[in-house]
There are 2 protein chains.
Amino acid sequence: MNLTLREELKAKKQAYVQDEILATAAKLFAEGGIRGVTIDDIASSLGYTKSVVYYYFKNKNQVLWEIFTKIHDAWWADMESLVKTDDPPNSMLASMIRKHALNVMDRAAWSAIYFRDQGELTDAQQKVITKRKREYDQLFKQVYQKGVEQGIFQDIPTTLVVNSIIGICNSTHAWYKSGGPLTPDRIADHYASLVLQGCCLKSTPSAG
Amino acid sequence: MNLTLREELKAKKQAYVQDEILATAAKLFAEGGIRGVTIDDIASSLGYTKSVVYYYFKNKNQVLWEIFTKIHDAWWADMESLVKTDDPPNSMLASMIRKHALNVMDRAAWSAIYFRDQGELTDAQQKVITKRKREYDQLFKQVYQKGVEQGIFQDIPTTLVVNSIIGICNSTHAWYKSGGPLTPDRIADHYASLVLQGCCLKSTPSAG
DNA sequence: AGAAATTTCGACCGGAGCGTCAACAGATTC
DNA sequence: GAATCTGTTGACGCTCCGGTCGAAATTTCT
């Protein structure tokens, strides 16, 4: 068999197992906290022994790190594509809020880790994540700022507005349970309208 | 010396040292996570050995538990006294939001623990805290419901409204740093007006 | 001063969990 | 069938940390 082809197959299989491990780890980490979950827990939850996890990952920290990078990359891609459209700031901001809220609910376990357990990373990793979160916030700030310049948003410090937005959406992971009377769409819509009503000037009923 | 008087003095001194330990523990826990901070860390941060901590507290869990109960009791008392006034729902809700936000910023370390580390408690303790948090939310829900009945608030599911409120305020602990350009009062005011504008019917400009 | 209560110390135990390692098993290639 | 690559096993070492304990030190009372 061709060498590169074999390597490719191997990589594909390993990626599959890695994803499986990451998904299980995320679920357990979210419930029990990073330190409260052992590698044994993750492995046996999949019918493996812990050596298997160490075969696919260097150590516990790498498992955690991949969770952070994977979720961030996915969210970042989503948000960047929204920003590229040429919607007006109010509908763009609404779309961004909805998307962010839906993303949080879609992967509540991963979100819980992403917002709660940054302190479990190494100092260097924390710096990277902090920077990426700032860049992510920046996307929101730019849109809001544009709306202020166009006179359709109230001139409130963008830091305050964006932190409110992120704060509302992120808190969802703490209480949202799928299957309840409130659907993710309904919740996301509410968040968008709450912020838009709360920040838009009263002369722009288009937001309501 | 009178026996009961001596006991009283002893209790008073012990309470003082306990508070000192709790304050330090809360600060360290908030930064490093519950499991990331050892009893040795707490003790040596005060110039003690860990045996001293074990003299004043049964174990690590009791230290954590007291942090939870102390902060809850303080917040509950604040909110209950606000609810007792006969202000109309809109200004009462605004006061409650402001108060909650200010409380979170006033003790950011304790708040971080209260919202982030409930999972580190025993199952029984978690049940108690969950119940108390629900009762706390209930205070907000009642006020909002009253406003809906009076026709001054939009008829949105109270769960959604209250979780938004709590979510906004609680997220503050993650980014607020005292000494910045944004004062706690300014932040609290913004939160109150954001929610009131976002939830009140447009026919009640008194909220703006 | 001497006795009693209070507080502090430092050594120690035991368990838990991370990460390693040598060996083994199964598949694949030659 | 032998050799190699891939995946898996279970046991082990090591460190860290929660919690205990007896003794020492300090303070308070008589």
Side-chain angles (χ1 to χ4, degrees), chain A residues 1-22 24-25 28-29 31-67 117 119-122 125, chain B residues 1-22 24-26 28-29 31-67 113 117 119-122 125:
Chain A
M1 184 186 281
N2 189 327
L3 261 184
T4 57
L5 185 58
R6 186 170 68 195
E7 303 243 328
E8 200 177 311
L9 264 173
K10 178 184 167 186
K12 202 168 275 184
K13 186 188 171 188
Q14 291 199 342
Y16 175 80
V17 179
Q18 281 174 351
D19 282 348
E20 191 183 39
I21 292 173
L22 284 180
T24 304
L28 295 178
F29 282 162
E31 290 165 4
I34 311 299
R35 312 235 189 174
V37 174
T38 70
I39 302 288
D40 263 325
D41 291 336
I42 299 168
S44 62
S45 173
L46 285 162
Y48 297 145
T49 61
K50 83 171 161 180
S51 299
V52 174
V53 175
Y54 279 102
Y55 179 74
Y56 290 101
F57 293 92
K58 197 167 136 274
N59 51 32
K60 193 178 185 179
N61 174 71
Q62 203 206 339
V63 175
L64 185 58
W65 177 242
E66 299 237 346
I67 290 174
D117 296 324
E120 300 293 335
L121 297 169
T122 67
Q125 290 169 338
Chain B
M1 185 186 280
N2 188 330
L3 260 185
T4 57
L5 184 59
R6 185 170 68 193
E7 304 243 327
E8 199 177 312
L9 263 172
K10 179 184 167 187
K12 200 167 279 181
K13 186 189 171 188
Q14 292 200 342
Y16 175 80
V17 179
Q18 281 174 352
D19 283 348
E20 191 183 38
I21 292 173
L22 285 180
T24 303
L28 295 178
F29 283 161
E31 291 165 5
I34 311 297
R35 312 233 190 177
V37 174
T38 71
I39 302 289
D40 264 324
D41 292 335
I42 299 168
S44 62
S45 174
L46 285 162
Y48 297 145
T49 60
K50 83 172 160 179
S51 299
V52 174
V53 175
Y54 279 101
Y55 179 74
Y56 291 100
F57 293 91
K58 196 167 136 275
N59 51 33
K60 194 178 184 179
N61 175 70
Q62 204 206 338
V63 175
L64 184 58
W65 177 242
E66 300 237 346
I67 290 174
I113 297 166
D117 297 324
E120 299 293 335
L121 297 169
T122 68
Q125 289 169 338

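Being a predicted model, the structure only gives us computed values, none of them experimental. Letters A, B, ... are given to chains in the order of the sequence lines, protein chains preceding strands, and every chain is numbered from 1.
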Grab the [atom1]-[atom2] distance between [X] and [N] for me, whole Å please.
X	N	atom1	atom2	result
B/K58	D/dG19	NZ	P	9 Å
A/L64	C/dC18	CG	C1'	15 Å
B/K12	D/dT27	NZ	P	21 Å
B/K60	D/dT20	NZ	C1'	17 Å
B/K13	D/dT26	NZ	P	13 Å
A/D40	D/dT9	CG	C1'	12 Å
B/N61	D/dC17	CG	C1'	16 Å
B/I39	C/dA11	CD1	C1'	18 Å

Closest to the 5' end of DNA chain D, once A/Y48 and B/N59 are matched to their nearest nucleotides, is A/Y48
Nearest-nucleotide check on DNA chain D, B/G36 vs A/V52; residue mapping nearer the 5' end is A/V52
Worked verdict on B/E120 versus B/F29 for side-chain contact (heavy atoms from CB on, under 4.5 Å)
CA-CA 11 Å; B/E120 299 293 335; B/F29 283 161; over 6 Å; no
Once you apply a heavy-atom cut-off of 4.0 Å, does [X] come out as touching a base, just sugar-phosphate, or nothing?
X	answer
B/K50	base
B/V17	nothing
A/V53	nothing
A/Y56	sugar-phosphate

Hey, mind stepping through B/L28 and B/S45 against side-chain contact (heavy atoms from CB on, under 4.5 Å) and telling me if it holds?
CA-CA 9 Å; B/L28 295 178; B/S45 174; 4.1 Å; yes
When you check the phosphate oxygens OP1 and OP2 of [N], does a side-chain N or O of [X] lie under 4.0 Å from one of them?
X	N	value
A/Y55	D/dT9	no
A/T49	D/dT9	yes
A/Y54	C/dG19	yes
B/Q14	C/dT6	no

Could you tell me if the side chain of [Y] sits less than 4.5 Å from the side chain of [X], heavy atoms only?
X	Y	value
B/F57	B/L22	yes
A/K60	A/I34	yes
A/Q62	A/Y56	no

Reading DNA chain C from 5' onward, which residue's closest nucleotide shows up sooner: A/V37 or B/G47?
B/G47
Would you mind telling me which of C/dC9, C/dG17, D/dG18 lies closest to the side-chain atoms of B/S51?
C/dC9
